[in-house]
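Below is one structure, written out as C-alpha coordinates, with a few remarks after it.
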There are 2 protein chains.
Amino acid sequence: MDNKRKKYLEARAKVLKAMAHPSRLLILEELEQTEHCVCELTDMIGADVSTVSKHLSVLKQAGLVIDEKRGNQVFYQLRVPCVLNFFGCIESVLEAQVTEQSSLLKIVTV
Amino acid sequence: MDNKRKKYLEARAKVLKAMAHPSRLLILEELEQTEHCVCELTDMIGADVSTVSKHLSVLKQAGLVIDEKRGNQVFYQLRVPCVLNFFGCIESVLEAQVTEQSSLLKIVTV
DNA sequence: TTGCTATTTGGCAATATAGCCAAATAGCAA
DNA sequence: TTGCTATTTGGCTATATTGCCAAATAGCAA
(Lines give C-alpha, C1' and ligand atoms only; values in the text may rest on other atoms or scores of the structure.)
Protein backbone atom coordinates (compact mmCIF):
# COMPACT_ATOMS: atom_id res chain seq x y z
CA MET A 1 0.00 0.00 0.00
CA ASP A 2 1.69 3.22 -1.11
CA ASN A 3 1.77 6.27 1.09
CA LYS A 4 -0.67 8.29 -0.97
CA ARG A 5 -3.31 5.61 -0.71
CA LYS A 6 -2.64 5.25 2.99
CA LYS A 7 -3.34 8.95 3.55
CA TYR A 8 -6.47 8.68 1.43
CA LEU A 9 -7.78 5.74 3.41
CA GLU A 10 -6.94 7.33 6.74
CA ALA A 11 -8.80 10.52 5.84
CA ARG A 12 -11.90 8.60 4.89
CA ALA A 13 -11.71 6.32 7.90
CA LYS A 14 -11.55 9.37 10.13
CA VAL A 15 -14.83 10.72 8.77
CA LEU A 16 -16.54 7.36 9.16
CA LYS A 17 -15.20 7.01 12.67
CA ALA A 18 -16.68 10.37 13.58
CA MET A 19 -20.08 9.15 12.38
CA ALA A 20 -19.83 5.75 14.02
CA HIS A 21 -21.57 6.44 17.31
CA PRO A 22 -25.29 6.28 18.11
CA SER A 23 -25.44 9.75 19.70
CA ARG A 24 -23.49 11.29 16.86
CA LEU A 25 -25.76 9.65 14.30
CA LEU A 26 -28.75 11.05 16.14
CA ILE A 27 -27.18 14.49 16.01
CA LEU A 28 -26.59 14.18 12.27
CA GLU A 29 -30.15 13.03 11.69
CA GLU A 30 -31.62 15.85 13.72
CA LEU A 31 -29.41 18.45 12.07
CA GLU A 32 -30.65 17.24 8.72
CA GLN A 33 -34.04 18.71 9.64
CA THR A 34 -32.82 21.96 11.12
CA GLU A 35 -30.04 23.48 13.20
CA HIS A 36 -30.02 22.86 16.94
CA CYS A 37 -28.26 24.28 19.96
CA VAL A 38 -26.27 22.06 22.32
CA CYS A 39 -28.99 22.16 24.96
CA GLU A 40 -31.65 20.86 22.56
CA LEU A 41 -29.41 18.02 21.40
CA THR A 42 -28.57 17.22 25.01
CA ASP A 43 -32.26 16.84 25.82
CA MET A 44 -32.76 14.51 22.86
CA ILE A 45 -29.78 12.34 23.70
CA GLY A 46 -30.24 12.27 27.43
CA ALA A 47 -26.55 12.33 28.38
CA ASP A 48 -24.45 14.85 30.25
CA VAL A 49 -24.03 18.20 28.44
CA SER A 50 -20.29 17.80 28.50
CA THR A 51 -20.59 14.45 26.76
CA VAL A 52 -22.77 15.92 24.03
CA SER A 53 -20.41 18.84 23.64
CA LYS A 54 -17.56 16.42 23.07
CA HIS A 55 -19.56 14.49 20.50
CA LEU A 56 -20.22 17.75 18.67
CA SER A 57 -16.55 18.55 18.77
CA VAL A 58 -15.78 15.21 17.12
CA LEU A 59 -18.28 15.93 14.34
CA LYS A 60 -16.89 19.41 13.86
CA GLN A 61 -13.31 18.20 13.74
CA ALA A 62 -14.32 15.74 11.03
CA GLY A 63 -15.86 18.51 8.94
CA LEU A 64 -19.39 17.14 9.30
CA VAL A 65 -20.96 20.08 11.12
CA ILE A 66 -20.35 23.77 11.62
CA ASP A 67 -21.16 25.82 14.69
CA GLU A 68 -22.29 29.37 15.19
CA LYS A 69 -22.54 31.19 18.46
CA ARG A 70 -25.61 33.34 18.97
CA GLY A 71 -26.08 34.90 22.36
CA ASN A 72 -25.03 32.40 24.93
CA GLN A 73 -26.02 29.45 22.80
CA VAL A 74 -24.10 27.61 20.12
CA PHE A 75 -26.04 26.34 17.13
CA TYR A 76 -24.83 23.43 15.06
CA GLN A 77 -25.67 22.79 11.41
CA LEU A 78 -25.01 19.91 9.06
CA ARG A 79 -22.23 20.90 6.73
CA VAL A 80 -22.55 18.16 4.14
CA PRO A 81 -26.15 16.92 3.98
CA CYS A 82 -25.30 13.95 1.76
CA VAL A 83 -23.91 12.03 4.72
CA LEU A 84 -27.36 10.72 5.42
CA ASN A 85 -27.63 9.11 2.01
CA PHE A 86 -25.44 6.48 3.57
CA PHE A 87 -28.33 5.15 5.47
CA GLY A 88 -30.22 3.69 2.56
CA CYS A 89 -27.24 1.51 1.96
CA ILE A 90 -26.64 0.68 5.60
CA GLU A 91 -30.24 -0.41 5.68
CA SER A 92 -29.48 -3.07 3.10
CA VAL A 93 -26.43 -4.14 5.08
CA LEU A 94 -28.65 -4.59 8.12
CA GLU A 95 -31.15 -6.58 6.08
CA ALA A 96 -28.31 -8.80 4.96
CA GLN A 97 -27.35 -9.26 8.60
CA VAL A 98 -30.85 -10.35 9.46
CA THR A 99 -30.89 -12.87 6.63
CA GLU A 100 -27.58 -14.25 7.82
CA GLN A 101 -28.73 -14.49 11.40
CA SER A 102 -31.98 -16.22 10.56
CA SER A 103 -30.25 -18.78 8.37
CA LEU A 104 -27.72 -19.26 11.14
CA LEU A 105 -30.59 -19.71 13.54
CA LYS A 106 -32.03 -22.31 11.23
CA ILE A 107 -28.79 -24.26 11.27
CA VAL A 108 -28.57 -24.05 15.04
CA THR A 109 -32.16 -25.06 15.70
CA VAL A 110 -32.26 -27.95 13.21
CA MET B 1 -34.70 9.09 22.79
CA ASP B 2 -37.05 6.11 22.79
CA ASN B 3 -35.75 2.58 22.86
CA LYS B 4 -36.69 1.78 19.29
CA ARG B 5 -34.69 4.69 17.96
CA LYS B 6 -31.79 3.76 20.20
CA LYS B 7 -31.66 0.27 18.70
CA TYR B 8 -31.90 1.72 15.24
CA LEU B 9 -29.01 4.12 15.83
CA GLU B 10 -26.88 1.45 17.47
CA ALA B 11 -27.33 -0.91 14.55
CA ARG B 12 -26.28 1.76 12.05
CA ALA B 13 -23.38 2.92 14.18
CA LYS B 14 -22.12 -0.65 14.33
CA VAL B 15 -21.93 -0.87 10.55
CA LEU B 16 -20.14 2.47 10.28
CA LYS B 17 -17.72 1.45 13.00
CA ALA B 18 -16.86 -1.68 11.09
CA MET B 19 -16.00 0.45 8.06
CA ALA B 20 -14.09 3.08 10.01
CA HIS B 21 -10.56 1.75 9.69
CA PRO B 22 -8.04 2.32 6.89
CA SER B 23 -7.26 -1.36 6.38
CA ARG B 24 -10.90 -2.30 6.36
CA LEU B 25 -11.69 0.45 3.86
CA LEU B 26 -8.92 -0.88 1.66
CA ILE B 27 -10.43 -4.34 1.89
CA LEU B 28 -13.86 -3.01 0.90
CA GLU B 29 -12.40 -1.10 -2.03
CA GLU B 30 -10.48 -4.09 -3.29
CA LEU B 31 -13.42 -6.42 -2.91
CA GLU B 32 -15.47 -4.02 -5.00
CA GLN B 33 -13.30 -5.04 -7.95
CA THR B 34 -13.22 -8.75 -7.30
CA GLU B 35 -13.11 -11.33 -4.53
CA HIS B 36 -9.80 -11.91 -2.74
CA CYS B 37 -8.33 -14.50 -0.42
CA VAL B 38 -6.88 -13.53 2.96
CA CYS B 39 -3.33 -13.93 1.73
CA GLU B 40 -3.84 -11.46 -1.14
CA LEU B 41 -5.38 -8.87 1.15
CA THR B 42 -2.58 -9.41 3.63
CA ASP B 43 -0.02 -8.60 0.94
CA MET B 44 -1.86 -5.42 0.00
CA ILE B 45 -2.20 -4.22 3.58
CA GLY B 46 1.22 -5.22 4.77
CA ALA B 47 0.21 -6.27 8.28
CA ASP B 48 0.31 -9.59 10.08
CA VAL B 49 -2.05 -12.23 8.65
CA SER B 50 -3.76 -12.57 11.99
CA THR B 51 -4.47 -8.85 12.04
CA VAL B 52 -6.02 -8.98 8.58
CA SER B 53 -8.04 -12.01 9.52
CA LYS B 54 -9.47 -10.10 12.46
CA HIS B 55 -10.34 -7.13 10.27
CA LEU B 56 -12.17 -9.49 7.94
CA SER B 57 -14.01 -10.96 10.86
CA VAL B 58 -15.18 -7.48 11.86
CA LEU B 59 -16.46 -6.82 8.33
CA LYS B 60 -18.19 -10.19 8.23
CA GLN B 61 -19.83 -9.67 11.61
CA ALA B 62 -21.19 -6.34 10.37
CA GLY B 63 -22.73 -7.99 7.31
CA LEU B 64 -20.45 -6.17 4.88
CA VAL B 65 -18.68 -9.19 3.41
CA ILE B 66 -19.24 -12.89 3.00
CA ASP B 67 -16.60 -15.62 2.96
CA GLU B 68 -16.29 -18.85 1.10
CA LYS B 69 -13.71 -21.52 1.70
CA ARG B 70 -12.18 -23.10 -1.41
CA GLY B 71 -9.36 -25.54 -0.86
CA ASN B 72 -7.17 -24.22 1.89
CA GLN B 73 -7.98 -20.61 1.05
CA VAL B 74 -10.86 -18.43 2.17
CA PHE B 75 -12.23 -15.95 -0.36
CA TYR B 76 -14.05 -12.83 0.73
CA GLN B 77 -16.62 -10.95 -1.32
CA LEU B 78 -18.42 -7.65 -0.86
CA ARG B 79 -21.96 -8.39 0.23
CA VAL B 80 -23.51 -4.97 -0.30
CA PRO B 81 -21.67 -3.10 -3.07
CA CYS B 82 -23.40 0.20 -2.34
CA VAL B 83 -21.18 0.81 0.69
CA LEU B 84 -18.68 2.47 -1.58
CA ASN B 85 -21.16 5.08 -2.73
CA PHE B 86 -20.38 6.63 0.60
CA PHE B 87 -17.12 7.84 -0.69
CA GLY B 88 -18.43 10.44 -3.08
CA CYS B 89 -19.99 12.14 -0.11
CA ILE B 90 -17.02 11.67 2.17
CA GLU B 91 -15.00 13.36 -0.53
CA SER B 92 -17.08 16.49 -0.12
CA VAL B 93 -16.67 16.30 3.64
CA LEU B 94 -12.93 16.19 3.13
CA GLU B 95 -13.08 19.16 0.78
CA ALA B 96 -15.03 21.04 3.41
CA GLN B 97 -12.30 20.17 5.90
CA VAL B 98 -9.66 21.57 3.59
CA THR B 99 -11.61 24.80 3.13
CA GLU B 100 -11.96 25.14 6.88
CA GLN B 101 -8.29 24.50 7.44
CA SER B 102 -7.12 26.95 4.84
CA SER B 103 -9.39 29.70 6.16
CA LEU B 104 -8.14 28.86 9.63
CA LEU B 105 -4.62 29.10 8.29
CA LYS B 106 -5.45 32.48 6.81
CA ILE B 107 -6.62 33.75 10.19
CA VAL B 108 -3.54 32.38 11.91
CA THR B 109 -1.05 33.76 9.40
CA VAL B 110 -2.60 37.24 9.12
C1' DT C 1 -21.14 43.91 40.26
C1' DT C 2 -23.74 39.45 41.02
C1' DG C 3 -26.27 35.64 39.50
C1' DC C 4 -28.00 32.62 36.07
C1' DT C 5 -27.74 29.90 31.82
C1' DA C 6 -25.11 27.71 28.06
C1' DT C 7 -21.07 25.67 26.65
C1' DT C 8 -16.37 23.88 26.71
C1' DT C 9 -12.39 21.81 28.82
C1' DG C 10 -9.58 18.92 32.12
C1' DG C 11 -9.24 14.87 34.41
C1' DC C 12 -10.37 10.43 35.68
C1' DA C 13 -11.97 5.41 35.43
C1' DA C 14 -14.05 1.94 32.66
C1' DT C 15 -14.20 -0.16 28.43
C1' DA C 16 -13.03 -1.09 23.55
C1' DT C 17 -9.80 -1.46 19.78
C1' DA C 18 -5.47 -2.62 17.30
C1' DG C 19 -1.71 -5.32 16.27
C1' DC C 20 1.67 -8.56 17.28
C1' DC C 21 3.27 -13.41 18.48
C1' DA C 22 2.27 -18.08 19.37
C1' DA C 23 -0.60 -21.85 18.97
C1' DA C 24 -4.51 -24.34 17.00
C1' DT C 25 -7.01 -25.89 12.91
C1' DA C 26 -7.75 -27.33 8.17
C1' DG C 27 -6.58 -28.68 3.39
C1' DC C 28 -3.47 -30.65 0.27
C1' DA C 29 0.28 -33.35 -1.45
C1' DA C 30 4.42 -36.17 -1.11
C1' DT D 1 1.96 -40.40 8.10
C1' DT D 2 4.68 -35.99 7.56
C1' DG D 3 5.31 -31.46 5.93
C1' DC D 4 3.76 -27.28 3.95
C1' DT D 5 0.48 -23.48 3.24
C1' DA D 6 -3.63 -20.78 4.61
C1' DT D 7 -6.42 -19.19 8.09
C1' DT D 8 -8.31 -18.41 12.68
C1' DT D 9 -8.10 -17.90 17.62
C1' DG D 10 -6.07 -16.80 22.30
C1' DG D 11 -3.49 -13.83 24.83
C1' DC D 12 -1.02 -9.94 25.65
C1' DT D 13 0.25 -4.85 25.68
C1' DA D 14 -0.40 -0.34 24.00
C1' DT D 15 -3.51 2.99 22.72
C1' DA D 16 -8.09 5.19 21.98
C1' DT D 17 -12.78 6.07 23.24
C1' DT D 18 -16.59 6.98 26.25
C1' DG D 19 -18.99 9.31 29.78
C1' DC D 20 -19.17 11.33 34.03
C1' DC D 21 -18.00 15.17 37.42
C1' DA D 22 -15.90 19.45 38.42
C1' DA D 23 -14.14 23.62 36.98
C1' DA D 24 -13.42 27.27 33.59
C1' DT D 25 -15.40 30.47 30.21
C1' DA D 26 -18.81 33.44 28.02
C1' DG D 27 -23.19 35.98 27.45
C1' DC D 28 -26.97 38.22 29.38
C1' DA D 29 -29.79 40.56 32.69
C1' DA D 30 -30.95 42.32 37.23
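Throughout, a chain's letter reflects where its sequence line sits, starting with A, and its residues are numbered from 1. Everything numeric here is computed off the predicted structure, so don't read it as measured data.
Electrostatic pairing of A:Arg24 and A:Glu30 does not count as a salt bridge here, judged by no charged N lying under 4.0 Å from a carboxylate O. A salt bridge does not link B:Glu29 to A:Arg12: none of the charged side-chain nitrogens sits closer than 4.0 Å to a carboxylate oxygen.
Of the side-chain N and O atoms in A:His55, none sit less than 4.0 angstrom from OP1 or OP2 of D:dT17. Side-chain N/O atoms of A:Ser53 include one lying less than 4.0 angstrom from OP1 or OP2 on C:dT8. Within the structure, every side-chain polar atom (N or O) of B:Tyr76 is placed at least 4.0 Å from both OP1 and OP2 of D:dA6. Taking only side-chain nitrogens and oxygens, A:Ser50 never comes nearer than 4.0 Å to OP1 or OP2 of D:dC20.
Residue pairs meeting the disulfide (SG to SG under 2.5 Å) criterion with at least one partner in residues 53-86 of chain A, sequence neighbours excluded, are A:Cys82-B:Cys89.
In this structure, D:dT1 forms a base pair with C:dA30, meeting either the Watson-Crick or the G-U wobble geometry with both donor-acceptor distances under 3.5 Å. The nucleotide C:dG10 finds its pairing partner in D:dC21, both defining distances of the Watson-Crick or G-U wobble pair being shorter than 3.5 Å. The nucleotide C:dT15 finds its pairing partner in D:dA16, both defining distances of the Watson-Crick or G-U wobble pair being shorter than 3.5 Å.
Rounding to whole angstrom units, NZ of residue B:Lys17 and C1' of C:dA16 are separated by 7 Å. Rounded to whole Å, atom P of D:dT18 lies 11 Å from atom CG of A:Leu59.
Within 4.0 Å (heavy atoms only), A:Lys69 reaches sugar-phosphate atoms of the nucleic acid but no base atom. At the heavy-atom level, B:Arg70 lies nowhere under 4.0 Å from the strands shown.
The main-chain N or O of B:Ala47 is never found under 3.5 Å from a side-chain atom of B:Thr51 such that the two would form a donor-acceptor pair.
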